[in-house]
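Residues: numbered from 1 along the sequence shown.
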Amino acid sequence: MEIDLTPQLPKKIYGGDGGSYYSWSPKELPMLREGNIGASKLALEKNGFALPRYSDSAKVAYVLQGSGVAGIILPESEEKVIAIKKGDAIALPFGVVTWWFNKEATDLVVLFLGDTSKAHKSGEFTDFFLTGANGIFTGFSTEFVGRAWDMDEASVKSLVKNQTGTGIVKLKEGTKMPEPKKEHRNGMALNCEEAPLDVDVKNGGRVVVLNTKNLPLVGEVGLGADLVRLDGSAMCSPGFSCDSALQVTYIVKGSGRAEVVGVDGKKVLETRVKAGNLFIVPRFFVVSKIGDPEGMEWFSIISTPNPVFTHLAGSIGVWKALSPEVIQAAFNVEADLVKNFSSKRSSDAIFFPPSN
């Protein structure tokens, strides 16, 4: 079966003065449905407020741009109000209620990647809004709402009908909102741009891996993630997920080339990728990227909380571990070529700087 891995940009789903919500469709990116992965993006303008909601999917949120405030309520827990900024990753398990607010002039942009295996629609997130024109209260009769909260009919009508916005609204300048608490960030968010590096190769690239050690909540989400920054004209070693995990990659900035090879050594993707693109690498398929002169940065989720990768080239690559005799027999070449092949990339791991 042919697999279409062509990178895609998202489509606007709804929005207004306060901002917009975008989503990637499984119709245009079939691997979303195949891999049970959802992807969306929230962009809030100044004073934009994303109304309280919960989702049918566990997700990882990543702040692509700006700063703001997020409210997060885990089941049967108090509201956590946290300051968020560019580079923050936040794990959002099932049943979490969230709201998002931006009081700054710069747009707040948040990427959501998650597991849709239990969702209403494979490859898509479905949000359930607590308030607004499509909020859950609008579907209940006045009697039910009144009895649930012990309110009179007039109060119920105001509660249900006064918010006419849908999903995202723009608040009046100076509207008072909860102030974030520093202690609320503990265990809720990790800034990938400030976290200790898991890989750091001079003139090659850097990696920060999000897992159960530095953000335990990803264990509940069932997803791992990483932020990769590839230097100008550097290459990322060909590699694959060796624990059957799917890799979903969003290009944060920059551009470059990507190639993916699958079953029977067939190339299934050879393309240019740029900021805003989303593409998916199927289980066990091998992927490699080369950055353009300005470099490239991407954020990926992996469909396991503690992903393990096998790299084929570099100092930790598979070929370094194989004995020369096996390599010679496998390639059916002379010993001198194997010696030359084995001596290359003796000090480079994962990232390969450009040749001088």
Side-chain angles (χ1 to χ4, degrees), residues 15 17-22 40-55 58-93 95-114 127 129-131 165 167-197 208-221 223 225-227 229 250 252-253 297 299 301:
D17 291 342
S20 301
Y21 181 82
Y22 303 83
S40 64
K41 192 161 61 171
L42 174 70
L44 294 180
E45 299 175 12
K46 186 178 182 182
N47 294 321
F49 176 46
L51 297 173
R53 69 199 66 194
Y54 62 94
S55 175
K59 308 173 186 174
V60 172
Y62 182 72
V63 182
L64 297 168
Q65 176 185 302
S67 60
V69 179
I72 302 171
I73 305 97
L74 295 168
E76 300 183 0
S77 299
E78 65 172 350
E79 179 185 53
K80 303 283 189 180
V81 181
I82 65 173
I84 58 173
K85 64 178 182 179
K86 182 177 179 292
D88 276 348
I90 308 152
L92 303 173
V96 168
V97 173
T98 64
W99 55 262
W100 310 80
F101 177 63
N102 178 28
K103 65 178 181 180
E104 306 296 335
T106 301
D107 285 3
L108 171 66
V109 184
V110 184
L111 173 72
F112 300 94
L113 301 174
D127 287 334
F129 297 93
L130 301 190
T131 67
I168 299 171
V169 298
K170 187 179 183 71
L171 301 184
K172 294 180 180 178
E173 186 70 38
T175 298
K176 184 173 176 59
M177 292 293 284
E179 290 295 324
K181 296 182 179 180
K182 189 174 182 180
E183 64 269 22
H184 283 182
R185 268 186 68 93
N186 297 334
M188 298 298 297
L190 175 77
N191 191 277
C192 295
E193 295 185 353
E194 299 173 355
L197 297 171
V208 169
V209 178
L210 193 70
N211 53 34
T212 55
K213 293 180 181 179
N214 51 22
L215 192 61
L217 267 179
V218 300
E220 293 187 36
V221 175
L223 300 168
D226 60 18
L227 176 68
R229 285 166 279 184
Y250 176 86
V252 176
K253 66 179 182 181
E297 182 177 314
F299 183 79
I301 63 161

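Note: Trp100 and Tyr21 fail the aromatic proximity criterion, with ring centroids not under 6.0 Å apart.
At a threshold of 4.0 Å, the pair Glu179-Lys181 does not count as salt-bridged, since none of the basic side-chain nitrogens sits closer than that to a carboxylate oxygen. A salt bridge does not link Asp107 with Lys46: none of the charged nitrogens is closer than 4.0 Å to a carboxylate oxygen. For the pair Lys59 and Asp127, the salt-bridge criterion is met [side-chain N within less than 4.0 Å of a carboxylate O]. A salt bridge links Glu194 to Lys85: at least one charged side-chain nitrogen sits closer than 4.0 Å to a carboxylate oxygen.
With sequence neighbours excluded, the residues that form a side-chain contact (heavy atoms from CB on, under 4.5 Å) with Val97 are Pro52, Tyr54, Ile73, Leu130.
Rounding to the nearest 0.5 Å gives a distance of 11.0 Å between CD1 of Ile82 and CD of Glu79. Annotation: the span from Ile84 atom CD1 to Phe101 atom CZ amounts to 11.5 Å, rounded to 0.5 Å. Rounded to the nearest 0.5 Å, atoms CG (Leu217) and CG (Leu190) are 11.5 Å apart. Here the straight-line distance linking atom CG of Asp17 with atom CG of Leu171 works out to 11.5 Å at 0.5 Å rounding. Rounded to the nearest 0.5 Å, atoms CG (Asn102) and OG (Ser67) are 6.5 Å apart. To the nearest 0.5 Å, the span separating CG on Leu44 from CG on Leu42 amounts to 4.0 Å.
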>> Does Tyr250 form a side chain to side chain contact (heavy atoms under 4.5 Å, CB included) with Ile301? I'd like the steps, not just the answer.
In response: CA-CA 9 Å; Tyr250 176 86; Ile301 63 161; over 6 Å; no
> Given Val60 and Ile90, is the side chain to side chain contact (heavy atoms under 4.5 Å, CB included) satisfied, shown in steps?
Replying inline: CA-CA 6 Å; Val60 172; Ile90 308 152; over 6 Å; no
> When you look at Tyr22 and Ser40, which way does the side chain to side chain donor-acceptor pair (under 3.5 Å) test go after all the steps?
Replying inline: CA-CA 6 Å; Tyr22 303 83; Ser40 64; over 6 Å; no
>> Please evaluate residues Trp99 and Phe49 with respect to the criterion side chain to side chain contact (heavy atoms under 4.5 Å, CB included), reporting the C-alpha separation (whole Å), side-chain torsions for both, the decisive distance (0.1 Å), and the verdict.
In response: CA-CA 7 Å; Trp99 55 262; Phe49 176 46; 3.9 Å; yes
>> Assess the residue pair Lys80 and Glu78 against the criterion (salt bridge (Lys or Arg N to Asp or Glu O under 4.0 Å)); give the C-alpha distance rounded to whole Å, side-chain angles, the decisive distance to 0.1 Å, and a yes or no.
In response: CA-CA 6 Å; Lys80 303 283 189 180; Glu78 65 172 350; 3.6 Å; yes
>> Apply side chain to side chain contact (heavy atoms under 4.5 Å, CB included) to residues Ile72 and Val96 and explain how you reach the verdict.
In response: CA-CA 7 Å; Ile72 302 171; Val96 168; 3.6 Å; yes
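For Lys253, the NZ atom is loosely surrounded, since the number of other residues' heavy atoms within 6.0 Å does not exceed 12. Within a 6.0 Å sphere centred on NZ of Lys103, heavy atoms belonging to other residues, nucleotides or ligands number 12 at most.
Closest of all the heavy-atom pairs between Pro93 and Leu74 is CD-CD2, 4.1 Å. Among all heavy-atom pairs drawn from Ala91 and Val221, the shortest one is CB-CG2, 3.8 Å. Taking each heavy atom of Val209 and Asp226 in turn, the nearest pair found is CA-CB, 4.1 Å. Annotation for Val69 and Pro178: closest pair CG1-O, 4.2 Å, computed over non-hydrogen atoms. A pairwise comparison of heavy atoms in Pro180 and Ala83 identifies CB-N, 3.3 Å as the closest pair. Nearest approach of Cys192 to Val208, heavy atoms of both residues: O-CG2, 3.4 Å.
Remark: the backbone N or O of Pro75 is paired with a side-chain donor or acceptor of Ser77 at under 3.5 angstrom. A side-chain donor-acceptor contact under 3.5 Å links His184 to the backbone of Val81.
Looking at Leu64 and Lys86, their side chains never come closer than 4.5 Å, going by heavy atoms from C-beta outward. Counting only heavy atoms from C-beta outward, the side chains of Lys172 and Asn47 never approach each other to under 4.5 Å. Looking at heavy atoms from C-beta onward, Thr175 lies out of side-chain contact with Lys170 at the 4.5 angstrom threshold.
Applying the ring-ring contact (aromatic ring centres under 6.0 Å, His included) test to pairs two or more places apart or on separate chains, those with a residue in residues 60-93 are Tyr62-Phe299.
Among Thr98, Ile168, Thr131, the single residue meeting the side chain to side chain contact (heavy atoms under 4.5 Å, CB included) criterion with Leu51 is Thr131. Looking at Leu108, Thr106, Leu111 one by one, the single match for side chain to side chain contact (heavy atoms under 4.5 Å, CB included) with Gln65 turns out to be Thr106.
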